[in-house]
Amino acid sequence: MTTRPTHPTEEAPAMPRLTDALIEPLEALLCDADGNLFPSEEPAFVASAEVTNRFLAAHGVDLRFTAEELRLATTGKTFRTTAAELAAAAGVPVTDLDSWVAQEKTAVTAHLGRVLRPDAEVTAALTAFDAHLTLTAVSSSALTRLAACFTATGLDELVPPADRYSAEDSLPTPTSKPDPAVYLYACADLGIEPAQGLAVEDSVPGALSAVRAGCPTVGNLCFVARAERAEREAQLRAAGVLAVVSSWTELTELVLPVLERRPASRSSLVRTGGLR
């Protein structure tokens with residue numbers, strides 16, 4: 001399993017505002033996937049940039065992106081949203097978007113399946129939470145991409161396919177974050193109120209999606225580049241998150257003590273079912 005270097009001199013995040021009263025009623029942990037459960041955003045944009053640039057060239061748009069430029073400009077958005085926005089900004093009609101979405105999905109999924117590895121800290125945190133909450137993924141990414149990532153990182157048993165929600169594939173109409181649709185959909189399928197699902201997000205669009213849905217939300221800087229952390233923390237707080245943590249270990253230290261004090265006889269979550 002991979003481990004990340006620690007930064008002893010890094011300033012600790014401000015004291016959290018996620019209170020015991022908000023934690024105690026929780027029934028589910030609603031985890032964004034990319035950049036939160038695994039460091040998939042940087043490698044994903046390597047593959048995505050190639051497809052994006054081919055899409056732009058095919059539609060006569062004189063604009064090209066490096067992987068890093070695309071990441072900084074579009075983190076938290078689906079390729080479908082990004083491509084449509086780029087074409088609209090250039091005044092170019094697009095009639096074959098589904099074909100390009102499929103190409104990007106195939107390229108990124110294959111690349112992530114090759115490069116991602118298990119992370120000991122994430123696995124330990126999810127295992128601890130699994131004793132108290134239903135674990136889910138609530139993502140803008142396609143389900144096939146999520147499948148490759150969860151398998152590569154060894155998280156299939158903790159968050160199986162039935163507990164993954166995709167803004168691209170699960171919704172009747174693909175709707176990317178920051179729209180709250182995918183969080184509302186996940187909560188409805190789980191049979192919970194949004195206030196009973198703790199969302200964990202690394203991106204601003206993702207945090208806005210969860211907050212707008214009414215979910216108590218924590219910002220997670222675990223896989224955010226160190227140089228970008230101060231700015232990202234400020235942006236996440238402005239988006240309405242209740243706390244910002246720098247690691248999954250920090251999140252467990254914040255939330256688990258409250259969950260462990262709950263009665264052992266607490267009823268388990270029951271799905272409404274039939275939504276997907």
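All values reported here derive from a predicted model rather than from experimental measurement.
Surrounding CD of E228 are more than 12 heavy atoms belonging to other residues, nucleotides or ligands, all under 6.0 Å away.
When all heavy atoms of T252 and A125 are compared, the closest pair comes out as CG2-CB, 3.5 Å. Of all heavy-atom pairs spanning V182 and S166, the tightest one is CG2-C, 3.9 Å. Between T175 and T173 the shortest heavy-atom distance is OG1-O, 2.7 Å. Contact between R261 and P257 at its shortest, heavy atoms only, is CG-O, 3.3 Å. When all heavy atoms of L116 and P39 are compared, the closest pair comes out as CD2-O, 3.8 Å. Residues Y183 and G206 approach most closely at CE1-O, 4.0 Å, considering heavy atoms.
Side chains of S170 and Y185 form a contact here, defined as non-hydrogen atoms less than 4.5 Å apart. In this structure the side chain of I23 reaches within 4.5 angstrom of the side chain of L18, judged on heavy atoms. Within the 4.5 Å cutoff, the side chain of V61 has no heavy atoms near those of the F55 side chain. Annotation: side chain of L30 is not in contact with side chain of V200 (no heavy-atom distance under 4.5 Å). Side-chain atoms of W248 and L126, non-hydrogen and from C-beta on, do get closer than 4.5 Å to each other. With a 4.5 Å cut-off on side-chain heavy atoms, T123 and D119 do not count as touching. Residues H132 and V255 have side chains not in contact (no heavy-atom distance under 4.5 Å, counting atoms from C-beta outward). Counting heavy atoms from C-beta on, the side chains of E193 and C187 never come closer than 4.5 Å.
In terms of modelled atom types and a separation under 3.5 Å, the side chain of S209 and the main chain of D179 share a donor-acceptor contact. Listed for the R262 side chain is a donor-acceptor partner under 3.5 Å among the backbone atoms of L26. Between the side chain of R229 and the backbone N or O of V224, at least one donor-acceptor pair lies under 3.5 Å. Counting only distance, with no hydrogens or angles, the side chain of E69 and the backbone of F65 share no donor-acceptor pair below 3.5 Å.
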Distance-only check: which donor-acceptor pairs under 3.5 Å involve side-chain atoms of residues 44-52, not counting sequence neighbours?
residue: S48; atom: OG; partner: E104; partner atom: OE2; Å: 2.9
residue: T52; atom: OG1; partner: S48; partner atom: O; Å: 2.8

Would you tabulate the side-chain donor-acceptor contacts of residues 211-221 under 3.5 Å, counting partners in other chains and residues two or more places apart, or write 'none'?
residue: T217; atom: OG1; partner: C215; partner atom: O; Å: 2.8
residue: N220; atom: OD1; partner: C222; partner atom: N; Å: 3.1
residue: N220; atom: ND2; partner: N36; partner atom: OD1; Å: 2.9

Could you pull out every donor-acceptor pair under 3.5 Å between side chains of residues 137-149 and any protein atom, sequence neighbours left out?
residue: S139; atom: OG; partner: S141; partner atom: N; Å: 2.8
residue: S141; atom: OG; partner: D34; partner atom: OD2; Å: 2.4
residue: S141; atom: OG; partner: R145; partner atom: NE; Å: 3.4
residue: R145; atom: NH2; partner: D34; partner atom: OD1; Å: 3.0
residue: R145; atom: NH2; partner: D34; partner atom: OD2; Å: 3.3

Please tabulate, for side-chain N and O atoms in residues 84-96, each donor-acceptor pair with protein atoms closer than 3.5 Å (sequence neighbours left out).
residue: E85; atom: OE1; partner: K77; partner atom: NZ; Å: 2.9
residue: D96; atom: OD1; partner: H59; partner atom: NE2; Å: 3.0
residue: D96; atom: OD2; partner: W100; partner atom: NE1; Å: 3.1

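Separation of atoms OH (Y165) and SG (C31) is listed at 12.5 Å; rounding is to 0.5 Å. Annotation: the span from L133 atom CG to I192 atom CD1 amounts to 9.5 Å, rounded to 0.5 Å. Distance check: E27 CD to T134 OG1 gives 7.5 Å after rounding to the nearest 0.5 Å. To the nearest 0.5 Å, atoms OG1 (T106) and NE2 (H111) are separated by 14.5 Å.
When hydrophobic clusters are built by joining Ile, Leu, Val, Met, Phe, Trp and Tyr residues whose side-chain heavy atoms come closer than 4.5 Å, directly or via intermediates, L70 is not grouped with V204. Both V258 and L198 are part of a single hydrophobic cluster, where members link through side-chain heavy atoms under 4.5 Å apart. Both L190 and L171 sit in one connected hydrophobic cluster of ILVMFWY residues. Membership requires side-chain heavy atoms under 4.5 Å apart, directly or through other members. Criterion: ILVMFWY side-chain heavy atoms under 4.5 Å apart, direct or through other members. Under it, L259 and V245 are part of a common hydrophobic cluster.
Using a 4.0 Å cut-off between charged nitrogen and carboxylate oxygen, D156 and R164 count as a salt-bridge pair. Ion pair E41/R71 not flagged as a salt bridge, since none of the NZ, NE, NH1 or NH2 atoms sits closer than 4.0 Å to an Asp/Glu carboxylate oxygen. Ion pairing of E201 with K177 is present here, as a side-chain N (NZ or NE/NH1/NH2) and a carboxylate O approach within less than 4.0 Å.
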Passes side chain to side chain contact (heavy atoms under 4.5 Å, CB included), F79 versus T74? Steps please. CA-CA 9 Å; F79 173 80; T74 68; over 6 Å; no
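Residues near L72 contribute nothing to a hydrophobic cluster around it, because no ILVMFWY side-chain heavy atom sits closer than 4.5 Å to its side chain.
Of the candidates L29, L135, T153, V159 forms a side chain to side chain contact (heavy atoms under 4.5 Å, CB included) with just one, namely L135.
Every side-chain contact (heavy atoms from CB on, under 4.5 Å) that A128 has, sequence neighbours left out, goes to L256.
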